[in-house]
Every structure is written in C-alpha cells, then in structure tokens.
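Okay, structure first, notes after.
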Amino acid sequence: MKHRTFILLFISLSVFDSKADSLQMKIKTASSIKLDLVSVYYTFFDVRKQLRFGVEYQPATYRKITPVYHLDAGLFDRYKFNKYFDFFNTSGGMYHIETNVRTIGFHFISGIKYNVKPALNKKYTLFLSIQNDLNCFKKDIQTQNSKTYASTKDSENQIRMGLGPEMGLYCHLKNKFSLELKTAFFLKLFTLKSKQDSPDIKPYKAVWYDTYHTFWIIPRINICYDLH
C-alpha cells in the first residue's frame, strides 16, 4: 500500500504541471554521465576495505520526466578475525581459527525523475523521483585452523529489492559540468537468499538502515557531464 502511495504521488505531481508545459516550448535536456562522489569517498576513506565505483546515466529528453540509471559495483567489504581456543590447555596448547570474509556485489538503482520548476533561478532545479534499488551480494567465507591446518570455504548469495521516493537539487556549475545532490528512501519489497538461516547481508551503499533491513537511505553526490 505504501509503494502505491509513492507512485500515485509522483503521477499527481506530473499531471499538476502538464498545462504549464503545454504552453511553453519544450527544450531538450542533454544526456549526461555522472560520477557518484559518495562511492569514491567510501572507497578511499571508510574504515572498511572497499574497491567500488558508482556511475549514473541520464538519457536526453524533451520532457520534465526522464529515466535515470545508476550502478555502484565492486568490493564492498573485506576483513578477517581470529577466534582463540584452549587458553589453559597445557598439553595441546592454544590455537586459533582465522576467518576471512569478502563481500562483493552491486546496487542497481533505476527510476523516473520529475524536474520541478527552477528553485531560485535557471542555475538551480529541484526534482523528485521514484526509484527502485536492486542490490545483489555474494559473501565468501574462508576459515583455517592453526592447529590442524584444515581449511573451509563457503559462500552466501542474496538479492534484495526496494522501492521509494527521492528528492534532490541540481546545480549547473560551468560549461557542461553540473552538481547533483539527492537522497533516496527505500522500503524493502523482497529478499531472496541462498541460505534462509543466514543473517541478511546489509545494503552496503546505504548510510543508514534499520535492524531488519526493511528501510534504508542512500544519498548521492554526483558530478555530472553533459554528453551532447
């Protein structure tokens, strides 16, 4: 029911301004490629070991409504830890099991964007969107016993989809370059896992998510370049 409300709200906003559009000459919006600076920041400055890249494409259009496609993919987390056993065993001695965890995957965010009238002047534009987040992750787990040298390998796969609204501000900088600030709010539609008893893999691109991963927030700061 919540997802239908988002869609109806978006359609209402589009219809509301349709008469004004019909009286104005429609100007073509150039297609653009966008680099997500949030992905770049987390790759180089977050405590987690990451190697990911976020890029977005917006095709050219003559209308206020345009599709948008965003992909953030790569290594989202990598860490290891040791668990120790038999601290006071004088015969066999203490040993540990080393666990290495690696999570790779992607967030594919797509939807429709509605450009509202300029906020202050032609340099700034407010916009609203309905977006859907399809995130897929593979979690690889390797262990090694320091006493027996036995090792194990295991993996978990997960697909999650969410839907929700997005709001943002577009600012033209110079020539073909622009800056785009936006935040999307997603509600989970479904989650599919290869192992039902395993914990959910969190939506790594999100800056905030609830305990059960049913709601998450994804901000994006895009440097945009008009292609033509």
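In this structure, H213 and R160 have side chains that are in contact, with non-hydrogen atoms separated by less than 4.5 Å. The side-chain heavy atoms of Y84 and Y95, taken from C-beta on, include no pair separated by under 4.5 Å. Using a 4.5 Å heavy-atom cutoff, the side chains of F44 and Q50 are not in contact. Between L134 and I159, some side-chain heavy-atom pair lies under the 4.5 Å cut-off. Contact annotation: the side chain of K34 approaches that of E180 to within less than 4.5 Å [non-hydrogen atoms, C-beta and beyond].
Around the CZ atom of F190, the shell of radius 6.0 Å holds more than 12 heavy atoms that belong to other residues, nucleotides or ligands. Crowding of K195 atom NZ: a count of heavy atoms from other residues, nucleotides or ligands under 6.0 Å exceeding 12. Surrounding OH of Y170 are more than 12 heavy atoms belonging to other residues, nucleotides or ligands, all under 6.0 Å away.
No side-chain donor-acceptor contact under 3.5 Å links S32 and K176. Using modelled atom types, one finds no donor on one side chain facing an acceptor on the other under 3.5 Å when comparing N145 with S151. Using modelled atom types and a 3.5 Å distance limit, the side chains of T143 and T99 yield no donor-acceptor pair. For the residue pair T125 and N115, no side-chain donor N or O sits within less than 3.5 Å of a side-chain acceptor on the partner. Inspection of the S129 and Y114 side chains reveals no N or O donor paired with an N or O acceptor under 3.5 Å.
Applying the ring-ring contact (aromatic ring centres under 6.0 Å, His included) rule to F137 yields the partners F76, H107, Y204; only residues at least two apart in sequence or on another chain are considered. With sequence neighbours left out, the ring-ring contact (aromatic ring centres under 6.0 Å, His included) criterion links Y41 to F45. For R48, the salt bridge (charged side-chain N to carboxylate O under 4.0 Å, His left out) partners two or more places apart in sequence, or in a different chain, are D46. Remark: Q142 pairs with no residue by the side-chain hydrogen bond (donor to acceptor under 3.5 Å, both in side chains) rule, at least two apart or across chains.
Distance check: I109 CD1 to Q131 CD gives 7.0 Å after rounding to the nearest 0.5 Å. Remark: D226 CG to H172 NE2 distance equals 6.5 Å, nearest 0.5 Å.
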Candidate pair F185 and W216, rule ring-ring contact (aromatic ring centres under 6.0 Å, His included), full reasoning: CA-CA 6 Å; F185 307 85; W216 60 96; over 10 Å; no
Steps toward side-chain hydrogen bond (donor to acceptor under 3.5 Å, both in side chains) verdict (N132, S110): CA-CA 6 Å; N132 121 85; S110 60; 3.1 Å; yes
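Side chain of D36 to backbone of V38: a donor-acceptor contact under 3.5 angstrom is found. With hydrogens and angles ignored, the 3.5 Å screen pairs a side-chain donor or acceptor of T43 with a backbone N or O of R52. Using a distance-only test at 3.5 Å, with no hydrogens or angles considered, no donor-acceptor pair links the side chain of T183 to the main chain of P219.
Connectivity analysis of hydrophobic side chains (ILVMFWY, heavy atoms under 4.5 Å, direct or indirect) links I104 to L51, L75.
Counting only residues at least two apart or in different chains, ring pair (Phe, Tyr, Trp, His ring centres under 6.0 Å) contacts with residues 139-169 are absent.
Following chains of ILVMFWY side-chain contacts shorter than 4.5 Å, one cannot reach I201 starting from V207, and the two form parts of different hydrophobic clusters. One hydrophobic cluster, built from ILVMFWY side chains closer than 4.5 Å, cannot hold both F127 and L169; they sit in different ones. W208 and L187 fall within the same hydrophobic cluster, defined by Ile, Leu, Val, Met, Phe, Trp and Tyr side-chain heavy atoms under 4.5 Å apart, directly or through other members.
Below 30°, between 30° and 60°, or above 60°: for Y79 and F81 the angle between ring planes is below 30°, a parallel geometry.
Looking at every heavy atom in both residues, S155 comes nearest to K138 through CB-CE, 4.1 Å.
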